[in-house]
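To start, the structure under review is shown below, and the notes come after it.
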Amino acid sequence: MRDVNAGAMNCFAMANKPIAWDVLMLVGCSSVLAAVMQDHGAATWIATRMLGHVGDLGMMALMIVPLAYTGSCVFLLPVDPIPLTTYKYSYWTMTDMMKPGFVVAVAWVLVLTLFMAVAARAGIS
């Protein structure tokens with residue numbers, strides 16, 4: 001007698017094979033964690049603790065540029081949901097991602113160096 005569930009399980013396994021469940025769980029859980037932190041005030045508390053002493057506009061401008069650099073680091077490693085989901089299918093390799101990312105990182109180092117020199121001359125500290 002043939003097991004009816006064996007065919008269904010085989011079909012389910014074949015349908016699940018191309019799905020990167022680990023990436024979906026990572027992106028989904030981080031989105032849920034961010035929403036819960038926002039709803040319960042934890043995000044505001046962390047922002048106040050870390051940036052509460054930054055009051056004047058000059059200091060805020062100094063912090064925005066390094067923050068933008070940190071955001072551009074997504075070009076060095078696949079930490080964005082789109083590169084994470086496509087990596088499993090071997091459309092690209094880590095070196096493919098790092099080649100343009102290295103150029104962006106070097107450009108940001110030059111921009112930050114120039115920005116800090118201008119800020120030092122202007123007396124912003």
Side-chain angles (χ1 to χ4, degrees):
M1 186 166 168
R2 188 171 157 245
D3 187 11
V4 179
N5 291 330
M9 289 303 290
N10 189 23
C11 183
F12 181 74
M14 286 177 27
N16 273 331
K17 193 171 187 174
I19 299 173
W21 288 107
D22 53 347
V23 174
L24 289 175
M25 292 296 289
L26 175 69
V27 172
C29 290
S30 61
S31 297
V32 169
L33 179 62
V36 168
M37 288 178 68
Q38 181 67 35
D39 288 346
H40 291 280
T44 305
W45 182 81
I46 291 171
T48 304
R49 294 286 182 238
M50 295 185 80
L51 299 174
H53 64 281
V54 179
D56 60 339
L57 184 61
M59 189 60 152
M60 188 59 92
L62 281 179
M63 294 191 68
I64 288 173
V65 174
L67 185 64
Y69 172 72
T70 305
S72 75
C73 286
V74 74
F75 293 109
L76 289 173
L77 291 175
V79 294
D80 194 47
I82 302 301
L84 278 175
T85 54
T86 58
Y87 181 71
K88 178 182 179 180
Y89 304 109
S90 301
Y91 292 130
W92 53 273
T93 63
M94 286 292 179
T95 54
D96 292 339
M97 191 75 161
M98 289 182 146
K99 287 175 189 174
F102 182 74
V103 173
V104 171
V106 169
W108 265 111
V109 168
L110 295 174
V111 167
L112 284 174
T113 304
L114 179 66
F115 183 78
M116 288 181 194
V118 169
R121 283 187 183 255
I124 301 172
S125 59

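The figures here come from the full heavy-atom set of this structure, side chains too, leaving out hydrogens, waters and symmetry mates.
- Each of Trp92 and Phe102 belongs to its own hydrophobic cluster when Ile, Leu, Val, Met, Phe, Trp and Tyr are linked at side-chain heavy-atom distances under 4.5 angstrom.
- Distance OG1/Thr44 to CD/Gln38: 5.0 Å, rounded to 0.5 Å.
- Taking hydrophobic clusters as Ile, Leu, Val, Met, Phe, Trp and Tyr residues chained together by side-chain heavy-atom distances below 4.5 Å, Val106 does not share a cluster with Phe115.
- In the hydrophobic clustering of ILVMFWY residues, with side-chain heavy atoms under 4.5 Å counting as a link, Val111 and Val109 come out apart.
- Counting only distance, with no hydrogens or angles, the side chain of Asp39 and the backbone of Val36 share no donor-acceptor pair below 3.5 Å.
- Follow the hydrophobic side-chain contacts under 4.5 Å out from Val103 and you never reach Leu114; the two are in separate clusters.
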